[in-house]
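Numbers here simply count residues along the sequence, with the first being 1.
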Amino acid sequence: MSKRSVAVIFGGASSEYEVSLRSASFVISGVDREKYDLTMVGITKKGQWFLYTGPENAIADDSWNRPEYVTPAVLPPDPSYHGLLVFSPDGVRTIPLDAVFPVLHGKNGEDGTMQGLLELAGIPYVGCGVAASANTMDKALTKKVVEGTGVRQARYYLALRYDFERNAEAVVAAAAETLGAFPVFVKPCSQGSSVGVAKANNLLELAEGLTEAFKLDTKVLVEEFIDGHEVECAVLGNLEPQASTVGEIAPTQEFYTFDAKYKDESSRLYIPAHITEEQLATVRQDAVRVYTALGCRGLSRVDFFVTHDSGEVVFNELNAIPGFTSISMYPKLFDYEGIGYAELLDRLISLALEEHNG
(Lines give C-alpha, C1' and ligand atoms only; values in the text may rest on other atoms or scores of the structure.)
Protein backbone atom coordinates (compact mmCIF):
# COMPACT_ATOMS: atom_id res chain seq x y z
CA MET A 1 0.00 0.00 0.00
CA SER A 2 1.37 3.43 -0.93
CA LYS A 3 2.11 5.90 1.82
CA ARG A 4 -0.09 8.92 2.50
CA SER A 5 1.58 12.30 2.16
CA VAL A 6 0.98 14.37 5.30
CA ALA A 7 2.25 17.83 6.22
CA VAL A 8 2.73 18.97 9.81
CA ILE A 9 2.53 22.75 10.04
CA PHE A 10 4.07 24.46 13.08
CA GLY A 11 4.94 27.91 14.44
CA GLY A 12 2.73 30.76 13.33
CA ALA A 13 2.20 34.46 13.99
CA SER A 14 0.70 33.83 17.42
CA SER A 15 1.46 34.41 21.09
CA GLU A 16 1.49 30.61 21.37
CA TYR A 17 4.27 30.15 18.81
CA GLU A 18 6.60 28.42 21.29
CA VAL A 19 3.88 26.01 22.42
CA SER A 20 3.29 25.06 18.79
CA LEU A 21 6.98 24.22 18.33
CA ARG A 22 6.94 21.88 21.31
CA SER A 23 3.71 20.22 20.24
CA ALA A 24 4.84 19.80 16.64
CA SER A 25 8.15 18.26 17.67
CA PHE A 26 6.27 15.67 19.69
CA VAL A 27 3.78 14.97 16.86
CA ILE A 28 6.54 14.61 14.26
CA SER A 29 8.39 12.15 16.46
CA GLY A 30 5.27 10.00 16.78
CA VAL A 31 4.07 9.76 13.18
CA ASP A 32 4.47 6.26 11.72
CA ARG A 33 6.98 6.75 8.89
CA GLU A 34 6.15 3.29 7.53
CA LYS A 35 2.65 4.58 6.80
CA TYR A 36 3.13 8.29 6.09
CA ASP A 37 5.50 10.46 4.09
CA LEU A 38 5.97 13.48 6.32
CA THR A 39 6.51 17.05 5.14
CA MET A 40 7.43 19.64 7.77
CA VAL A 41 6.27 23.23 7.23
CA GLY A 42 7.32 26.04 9.55
CA ILE A 43 5.70 29.47 9.83
CA THR A 44 7.70 32.24 11.48
CA LYS A 45 6.34 34.78 13.94
CA LYS A 46 6.17 37.19 11.01
CA GLY A 47 4.04 34.78 9.01
CA GLN A 48 6.67 33.56 6.52
CA TRP A 49 6.17 29.98 5.29
CA PHE A 50 9.05 27.54 4.79
CA LEU A 51 9.54 23.91 3.87
CA TYR A 52 11.70 22.58 6.69
CA THR A 53 14.16 19.74 6.05
CA GLY A 54 16.43 20.02 9.08
CA PRO A 55 16.67 17.84 12.20
CA GLU A 56 13.48 17.29 14.16
CA ASN A 57 15.10 18.29 17.46
CA ALA A 58 15.78 21.82 16.16
CA ILE A 59 12.06 22.59 16.09
CA ALA A 60 11.31 22.51 19.83
CA ASP A 61 14.16 24.88 20.76
CA ASP A 62 13.33 27.30 17.91
CA SER A 63 16.59 26.82 16.03
CA TRP A 64 14.80 25.48 12.94
CA ASN A 65 14.75 28.68 10.86
CA ARG A 66 18.29 28.49 9.42
CA PRO A 67 19.16 28.99 5.73
CA GLU A 68 20.47 25.45 5.30
CA TYR A 69 17.23 23.97 6.63
CA VAL A 70 14.49 26.04 5.00
CA THR A 71 13.13 26.82 1.56
CA PRO A 72 10.38 29.39 0.92
CA ALA A 73 7.00 27.76 0.36
CA VAL A 74 3.28 28.53 0.27
CA LEU A 75 0.08 26.56 0.40
CA PRO A 76 -2.06 28.00 -2.42
CA PRO A 77 -5.86 28.19 -2.08
CA ASP A 78 -6.22 26.96 -5.66
CA PRO A 79 -7.38 23.31 -5.27
CA SER A 80 -5.79 22.27 -8.56
CA TYR A 81 -2.39 22.28 -6.81
CA HIS A 82 -3.59 20.22 -3.83
CA GLY A 83 -0.29 20.66 -2.09
CA LEU A 84 2.64 22.82 -1.12
CA LEU A 85 4.48 25.06 -3.61
CA VAL A 86 8.22 25.17 -2.89
CA PHE A 87 10.38 27.96 -4.37
CA SER A 88 13.89 26.56 -4.73
CA PRO A 89 16.75 28.05 -6.80
CA ASP A 90 15.99 25.44 -9.47
CA GLY A 91 12.41 26.60 -9.84
CA VAL A 92 8.99 25.93 -8.36
CA ARG A 93 7.91 22.43 -7.46
CA THR A 94 4.79 21.00 -5.87
CA ILE A 95 4.63 18.55 -2.96
CA PRO A 96 1.20 16.87 -3.24
CA LEU A 97 -0.55 16.44 0.11
CA ASP A 98 -3.19 13.95 1.18
CA ALA A 99 -3.73 15.65 4.54
CA VAL A 100 -2.43 18.38 6.83
CA PHE A 101 -1.96 18.31 10.59
CA PRO A 102 -2.00 21.98 11.65
CA VAL A 103 -0.18 21.85 15.00
CA LEU A 104 -0.88 25.53 15.53
CA HIS A 105 -2.19 27.14 18.68
CA GLY A 106 -3.98 30.45 18.98
CA LYS A 107 -4.42 33.21 16.42
CA ASN A 108 -4.00 32.35 12.71
CA GLY A 109 -3.94 28.63 13.41
CA GLU A 110 -6.69 27.56 15.77
CA ASP A 111 -9.24 30.27 15.00
CA GLY A 112 -10.56 29.12 11.62
CA THR A 113 -8.16 31.05 9.40
CA MET A 114 -5.86 28.12 8.63
CA GLN A 115 -8.88 25.84 8.35
CA GLY A 116 -10.42 28.21 5.79
CA LEU A 117 -7.24 28.15 3.69
CA LEU A 118 -7.19 24.35 3.74
CA GLU A 119 -10.88 24.22 2.78
CA LEU A 120 -10.16 26.44 -0.22
CA ALA A 121 -7.19 24.28 -1.13
CA GLY A 122 -9.33 21.15 -0.91
CA ILE A 123 -6.90 19.40 1.44
CA PRO A 124 -8.19 17.31 4.38
CA TYR A 125 -6.92 18.47 7.76
CA VAL A 126 -6.88 17.25 11.33
CA GLY A 127 -9.27 18.94 13.72
CA CYS A 128 -12.32 21.16 13.74
CA GLY A 129 -13.73 22.96 10.72
CA VAL A 130 -13.90 26.70 10.11
CA ALA A 131 -17.01 27.58 12.15
CA ALA A 132 -16.18 25.32 15.10
CA SER A 133 -12.60 26.58 15.20
CA ALA A 134 -13.74 30.22 15.20
CA ASN A 135 -16.42 29.66 17.83
CA THR A 136 -14.21 27.68 20.19
CA MET A 137 -11.34 30.16 19.86
CA ASP A 138 -13.64 32.97 21.02
CA LYS A 139 -14.51 32.20 24.66
CA ALA A 140 -17.56 34.50 24.58
CA LEU A 141 -19.03 32.71 21.55
CA THR A 142 -18.27 29.36 23.19
CA LYS A 143 -20.25 30.41 26.25
CA LYS A 144 -23.23 31.47 24.12
CA VAL A 145 -23.36 28.05 22.44
CA VAL A 146 -22.88 26.15 25.70
CA GLU A 147 -25.72 28.11 27.31
CA GLY A 148 -28.09 26.24 25.01
CA THR A 149 -26.85 22.79 26.10
CA GLY A 150 -27.86 23.01 29.75
CA VAL A 151 -24.29 22.31 30.85
CA ARG A 152 -23.38 24.41 33.89
CA GLN A 153 -20.62 26.96 33.31
CA ALA A 154 -19.05 29.79 35.25
CA ARG A 155 -21.03 33.04 35.38
CA TYR A 156 -19.36 35.81 33.40
CA TYR A 157 -19.35 39.42 32.28
CA LEU A 158 -18.22 40.32 28.75
CA ALA A 159 -16.11 43.49 28.65
CA LEU A 160 -15.34 45.34 25.41
CA ARG A 161 -12.21 47.37 24.79
CA TYR A 162 -14.19 50.23 23.22
CA ASP A 163 -16.31 50.60 26.36
CA PHE A 164 -13.28 50.29 28.63
CA GLU A 165 -11.39 53.03 26.79
CA ARG A 166 -14.40 55.33 27.08
CA ASN A 167 -15.17 54.64 30.76
CA ALA A 168 -12.96 52.10 32.50
CA GLU A 169 -14.49 52.77 35.91
CA ALA A 170 -17.99 51.92 34.66
CA VAL A 171 -16.83 48.65 33.07
CA VAL A 172 -15.01 47.59 36.24
CA ALA A 173 -18.07 48.43 38.36
CA ALA A 174 -20.44 46.58 36.02
CA ALA A 175 -18.27 43.46 36.01
CA ALA A 176 -17.99 43.45 39.80
CA GLU A 177 -21.74 44.00 40.23
CA THR A 178 -22.62 41.24 37.76
CA LEU A 179 -20.45 38.63 39.46
CA GLY A 180 -21.15 39.80 42.98
CA ALA A 181 -17.97 38.70 44.72
CA PHE A 182 -14.21 38.45 44.46
CA PRO A 183 -11.97 36.81 43.43
CA VAL A 184 -12.69 36.74 39.70
CA PHE A 185 -10.67 35.70 36.66
CA VAL A 186 -9.92 37.96 33.71
CA LYS A 187 -9.46 36.21 30.35
CA PRO A 188 -8.85 37.59 26.85
CA CYS A 189 -11.52 35.97 24.67
CA SER A 190 -9.23 34.72 21.90
CA GLN A 191 -6.05 33.65 23.65
CA GLY A 192 -5.13 30.14 24.72
CA SER A 193 -2.62 28.47 27.07
CA SER A 194 -3.67 30.91 29.83
CA VAL A 195 -1.99 33.81 27.98
CA GLY A 196 -3.15 37.08 29.50
CA VAL A 197 -5.21 35.42 32.26
CA ALA A 198 -5.19 37.14 35.66
CA LYS A 199 -6.83 36.58 39.02
CA ALA A 200 -8.33 39.70 40.61
CA ASN A 201 -9.09 39.95 44.32
CA ASN A 202 -10.44 43.50 44.35
CA LEU A 203 -11.52 46.39 42.11
CA LEU A 204 -7.99 47.68 41.59
CA GLU A 205 -6.67 44.28 40.50
CA LEU A 206 -9.69 43.86 38.23
CA ALA A 207 -8.92 47.17 36.54
CA GLU A 208 -5.27 46.17 36.16
CA GLY A 209 -6.20 42.76 34.77
CA LEU A 210 -8.56 44.29 32.22
CA THR A 211 -5.93 46.81 31.16
CA GLU A 212 -3.42 44.04 30.45
CA ALA A 213 -5.97 41.75 28.80
CA PHE A 214 -7.12 44.48 26.42
CA LYS A 215 -3.56 44.67 25.09
CA LEU A 216 -4.18 41.20 23.66
CA ASP A 217 -7.83 41.30 22.64
CA THR A 218 -10.81 43.56 22.02
CA LYS A 219 -13.10 41.32 24.10
CA VAL A 220 -12.38 40.09 27.61
CA LEU A 221 -14.30 37.76 29.92
CA VAL A 222 -14.54 38.38 33.64
CA GLU A 223 -15.56 35.07 35.23
CA GLU A 224 -16.63 33.97 38.69
CA PHE A 225 -14.06 32.03 40.66
CA ILE A 226 -14.84 28.32 40.88
CA ASP A 227 -13.20 26.58 43.83
CA GLY A 228 -12.73 23.04 42.63
CA HIS A 229 -10.69 20.30 41.02
CA GLU A 230 -9.34 21.34 37.58
CA VAL A 231 -10.15 18.41 35.30
CA GLU A 232 -9.82 17.71 31.58
CA CYS A 233 -11.42 15.25 29.19
CA ALA A 234 -10.08 14.36 25.74
CA VAL A 235 -12.61 13.82 22.96
CA LEU A 236 -11.86 11.98 19.70
CA GLY A 237 -14.10 11.51 16.67
CA ASN A 238 -16.39 13.10 14.11
CA LEU A 239 -20.11 12.34 14.25
CA GLU A 240 -19.72 9.68 16.95
CA PRO A 241 -17.11 11.14 19.31
CA GLN A 242 -15.66 9.18 22.21
CA ALA A 243 -14.61 10.71 25.51
CA SER A 244 -11.54 9.54 27.39
CA THR A 245 -11.32 9.11 31.10
CA VAL A 246 -10.84 12.35 33.04
CA GLY A 247 -7.52 13.76 34.17
CA GLU A 248 -6.87 16.23 36.96
CA ILE A 249 -4.31 19.02 37.16
CA ALA A 250 -2.90 20.01 40.54
CA PRO A 251 -0.79 23.10 39.77
CA THR A 252 1.79 24.16 42.34
CA GLN A 253 1.20 27.78 41.29
CA GLU A 254 -1.94 29.68 42.34
CA PHE A 255 -3.70 28.67 39.14
CA TYR A 256 -2.78 26.90 35.90
CA THR A 257 -0.79 29.70 34.25
CA PHE A 258 1.21 29.50 31.01
CA ASP A 259 4.36 28.78 33.03
CA ALA A 260 2.61 26.09 35.05
CA LYS A 261 1.48 24.40 31.83
CA TYR A 262 4.72 24.46 29.88
CA LYS A 263 7.66 25.40 32.12
CA ASP A 264 6.91 24.22 35.65
CA GLU A 265 6.97 20.44 35.57
CA SER A 266 6.17 20.25 39.27
CA SER A 267 2.44 20.53 38.49
CA ARG A 268 0.92 17.11 39.13
CA LEU A 269 -1.36 15.22 36.76
CA TYR A 270 -3.69 12.53 38.01
CA ILE A 271 -5.29 10.01 35.65
CA PRO A 272 -8.05 9.28 36.50
CA ALA A 273 -8.96 12.47 38.35
CA HIS A 274 -9.53 12.37 42.10
CA ILE A 275 -13.31 12.68 41.80
CA THR A 276 -16.18 10.22 42.22
CA GLU A 277 -17.29 7.72 39.58
CA GLU A 278 -20.52 9.69 39.15
CA GLN A 279 -18.60 12.91 38.60
CA LEU A 280 -16.28 11.17 36.11
CA ALA A 281 -19.32 10.03 34.14
CA THR A 282 -20.86 13.52 34.20
CA VAL A 283 -17.66 15.15 32.95
CA ARG A 284 -17.40 12.65 30.07
CA GLN A 285 -21.06 13.10 29.16
CA ASP A 286 -20.88 16.90 29.30
CA ALA A 287 -17.64 16.92 27.29
CA VAL A 288 -19.37 15.15 24.42
CA ARG A 289 -22.42 17.43 24.71
CA VAL A 290 -20.25 20.55 24.44
CA TYR A 291 -18.11 19.05 21.65
CA THR A 292 -21.20 18.13 19.62
CA ALA A 293 -23.00 21.44 20.20
CA LEU A 294 -19.99 23.39 18.95
CA GLY A 295 -19.72 21.20 15.84
CA CYS A 296 -16.24 19.92 16.66
CA ARG A 297 -14.55 17.28 14.56
CA GLY A 298 -11.43 15.18 14.98
CA LEU A 299 -10.33 16.19 18.45
CA SER A 300 -10.70 18.63 21.30
CA ARG A 301 -9.86 18.81 24.97
CA VAL A 302 -12.77 19.92 27.15
CA ASP A 303 -11.92 21.44 30.53
CA PHE A 304 -14.10 21.52 33.65
CA PHE A 305 -14.09 22.24 37.36
CA VAL A 306 -15.61 19.91 39.94
CA THR A 307 -16.45 22.06 42.96
CA HIS A 308 -15.01 21.11 46.34
CA ASP A 309 -18.12 22.01 48.34
CA SER A 310 -21.00 20.52 46.33
CA GLY A 311 -19.25 18.32 43.76
CA GLU A 312 -20.92 20.20 40.89
CA VAL A 313 -19.41 19.81 37.41
CA VAL A 314 -18.78 23.22 35.79
CA PHE A 315 -17.62 23.68 32.18
CA ASN A 316 -14.54 25.90 31.80
CA GLU A 317 -13.41 25.94 28.16
CA LEU A 318 -12.69 23.85 25.07
CA ASN A 319 -9.38 23.64 23.21
CA ALA A 320 -9.80 22.69 19.55
CA ILE A 321 -6.09 21.99 19.03
CA PRO A 322 -4.87 20.92 22.47
CA GLY A 323 -1.23 20.76 23.41
CA PHE A 324 0.74 17.75 22.19
CA THR A 325 3.87 18.24 24.25
CA SER A 326 5.46 15.47 26.31
CA ILE A 327 3.52 16.65 29.39
CA SER A 328 0.19 17.43 27.65
CA MET A 329 -2.98 15.85 28.97
CA TYR A 330 -4.66 14.97 25.66
CA PRO A 331 -2.26 12.22 24.51
CA LYS A 332 -1.80 11.03 28.10
CA LEU A 333 -5.54 10.49 28.53
CA PHE A 334 -5.84 8.32 25.44
CA ASP A 335 -2.67 6.47 26.30
CA TYR A 336 -4.42 5.54 29.57
CA GLU A 337 -7.31 4.25 27.43
CA GLY A 338 -4.91 1.96 25.56
CA ILE A 339 -4.52 4.13 22.47
CA GLY A 340 -0.79 4.68 22.06
CA TYR A 341 0.68 7.80 20.53
CA ALA A 342 1.30 6.47 17.01
CA GLU A 343 -2.18 4.95 16.91
CA LEU A 344 -3.73 8.20 18.15
CA LEU A 345 -2.03 10.21 15.41
CA ASP A 346 -3.08 7.61 12.84
CA ARG A 347 -6.70 7.88 13.99
CA LEU A 348 -6.60 11.67 13.81
CA ILE A 349 -5.35 11.60 10.22
CA SER A 350 -7.96 8.95 9.31
CA LEU A 351 -10.70 11.12 10.84
CA ALA A 352 -9.50 14.06 8.72
CA LEU A 353 -9.72 11.98 5.55
CA GLU A 354 -13.13 10.62 6.60
CA GLU A 355 -14.53 14.09 7.26
CA HIS A 356 -13.27 15.47 3.96
CA ASN A 357 -14.48 12.51 1.91
CA GLY A 358 -17.74 11.87 3.69
N/O donor to acceptor pairs below 3.5 angstrom from side-chain atoms of residues 62-72, sequence neighbours left out:
| from | atom 1 | to | atom 2 | distance (Å) |
| --- | --- | --- | --- | --- |
| Asp62 | OD1 | Tyr17 | OH | 2.7 |
| Asp62 | OD1 | Trp64 | NE1 | 3.4 |
| Ser63 | OG | Ala58 | O | 3.3 |
| Ser63 | OG | Asp61 | OD1 | 2.6 |
| Trp64 | NE1 | Tyr17 | OH | 3.1 |
| Arg66 | NE | Glu68 | OE2 | 3.1 |
| Arg66 | NH2 | Glu68 | OE2 | 2.8 |

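- Side chain of Asn135 to backbone of Ala132: no donor-acceptor contact under 3.5 angstrom is found.
- A donor-acceptor pair is defined here as one N or O able to donate and one able to accept, closer than 3.5 Å; such a pair exists between the side chain of Ser20 and the backbone of Val103.
- Screening Val313, Ile275, Val306, Val246 for a side-chain contact (heavy atoms from CB on, under 4.5 Å) involving Thr282 leaves a single residue, Val313.
- Here the closest non-hydrogen pair linking Asp98 and Leu353 is O-CD2, 3.5 Å.
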Q. Which is it for Glu147 and Lys143 under the salt bridge (Lys or Arg N to Asp or Glu O under 4.0 Å) test, yes or no, and what are the steps along the way?
A. CA-CA 6 Å; Glu147 282 174 5; Lys143 283 190 171 289; over 6 Å; no

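- Counting all heavy atoms, side chain and backbone alike, Val146 lies closest to Val151 at CG1-O, 4.0 Å.
- Going from atom CG of Leu179 over to atom CG of Leu206 covers 8.5 Å, rounded to the nearest 0.5 Å.
- Residues Val235 and Cys296 fail the side-chain proximity criterion, which asks for heavy atoms closer than 4.5 Å.
- At a threshold of 4.5 Å between non-hydrogen side-chain atoms, the residues Lys187 and Glu317 count as touching.
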Could you pull out every donor-acceptor pair under 3.5 Å between side chains of residues 82-97 and any protein atom, sequence neighbours left out?
| from | atom 1 | to | atom 2 | distance (Å) |
| --- | --- | --- | --- | --- |
| His82 | ND1 | Leu97 | O | 2.9 |
| His82 | NE2 | Gly122 | O | 2.8 |
| Ser88 | OG | Gly91 | O | 2.9 |

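- Here the side chains of Lys199 and Phe185 are in contact, with some heavy-atom distance below 4.5 Å.
- Minimum heavy-atom separation, Tyr330 to Gly323: CB-O, 4.2 Å.
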Residues 158-166 side chain polar contacts: donor-acceptor under 3.5 Å, at least two apart:
| from | atom 1 | to | atom 2 | distance (Å) |
| --- | --- | --- | --- | --- |
| Arg161 | NE | Phe214 | O | 3.1 |
| Arg161 | NH2 | Phe214 | O | 2.8 |
| Arg161 | NH2 | Asp217 | O | 3.2 |

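- Under the ring pair (Phe, Tyr, Trp, His ring centres under 6.0 Å) criterion, no residue pair touches residues 118-143, with sequence neighbours excluded.
- The backbone N or O of Glu312 sits nowhere less than 3.5 Å from a side-chain atom of Arg152 that would complete a donor-acceptor pair.
- The minimum heavy-atom distance linking Ile349 with Ala99 is given by the pair CG2-CB, 4.4 Å.
- For the pair Ala176 and Leu203, the tightest heavy-atom approach, listed with the atom from each and the gap, is CB-CD2, 3.7 Å.
- Counting only residues at least two apart or on different chains, the ring pair (Phe, Tyr, Trp, His ring centres under 6.0 Å) pairs with a member in residues 269-288 are Tyr270-His274.
- Within the 3.5 Å criterion, the main-chain N or O of Leu21 finds no donor-acceptor partner in the side chain of Ser25.
- Applying side-chain contact (heavy atoms from CB on, under 4.5 Å) to Leu344 and the options Val27, Leu299, Leu236, Leu333 leaves one that passes, Leu236.
- Of the possible donor and acceptor atoms, none in the side chain of Glu337 sits under 3.5 Å from a partner among the backbone N and O of Phe334.
- A donor-acceptor distance shorter than 3.5 angstrom exists from the side chain of Glu205 to the backbone of Asn201, with no hydrogens or angles considered.
- Between Lys144 atom NZ and Thr142 atom OG1 the span is 12.0 Å, to the nearest 0.5 Å.
- Residue Ala213 comes nearest to Val186 through the heavy atom pair CB-CG1, 4.0 Å, listed as atom of the first residue, atom of the second, then distance.
- Between atom CD1 of residue Ile339 and atom CZ of residue Arg347 there is a gap of 3.5 Å, rounded to the nearest 0.5 Å.
- Judged by distance alone, the side chain of Asp335 and the main-chain N or O of Gly340 form no donor-acceptor pair under 3.5 Å.
- Considering only heavy atoms from C-beta on, Phe101 comes within 4.5 Å of Val8 through its side chain.
- With Ser133 contributing its side chain and Cys128 its backbone, the two residues share a donor-acceptor pair below 3.5 Å.
- For the pair Leu239/Arg297, a side-chain contact is recorded, criterion being any heavy-atom separation below 4.5 Å from C-beta on.
- In this structure, Cys233 SG and Leu318 CG are separated by 10.5 Å, a value rounded to the nearest 0.5 Å.
- The aromatic rings of Tyr52 and Phe10 sit perpendicular to each other, their planes meeting at more than 60°, with 30° as the lower class boundary.
- Counting heavy atoms from C-beta outward, Met114 and Ile321 have side chains that stay 4.5 Å or more apart.
- For Tyr81, the OH atom sits in a loose shell: 12 or fewer heavy atoms of surrounding residues, nucleotides or ligands are nearer than 6.0 Å.
- Residue pairs meeting the ring pair (Phe, Tyr, Trp, His ring centres under 6.0 Å) criterion with at least one partner in residues 289-316, sequence neighbours excluded, are His229-His308, Phe304-Phe315.
- Going from atom OG1 of Thr307 over to atom CG of Asp227 covers 8.0 Å, rounded to the nearest 0.5 Å.
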Q. Are Glu110 and Arg301 close enough, and set up right, to give a salt bridge (Lys or Arg N to Asp or Glu O under 4.0 Å), and what steps lead you there?
A. CA-CA 13 Å; Glu110 197 175 357; Arg301 196 194 70 237; over 6 Å; no

Q. Please walk me through it: do Glu16 and Arg22 pass salt bridge (Lys or Arg N to Asp or Glu O under 4.0 Å)?
A. CA-CA 10 Å; Glu16 297 179 72; Arg22 296 184 191 184; over 6 Å; no

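- A heavy-atom distance below 4.5 Å is not found between the side chains of Glu240 and Thr292.
- The main-chain N or O of Ala243 is found under 3.5 Å from a side-chain atom of Arg284 such that the two form a donor-acceptor pair.
- At least one side-chain heavy atom of Ile123 sits under 4.5 Å from a side-chain heavy atom of Leu75.
- Note that OG of Ser15 and NZ of Lys45 are 10.0 Å apart. Values are rounded to the nearest 0.5 Å.
- Arg155 places a side-chain N or O within 3.5 Å of a backbone atom of Thr178 that can act as its donor or acceptor partner.
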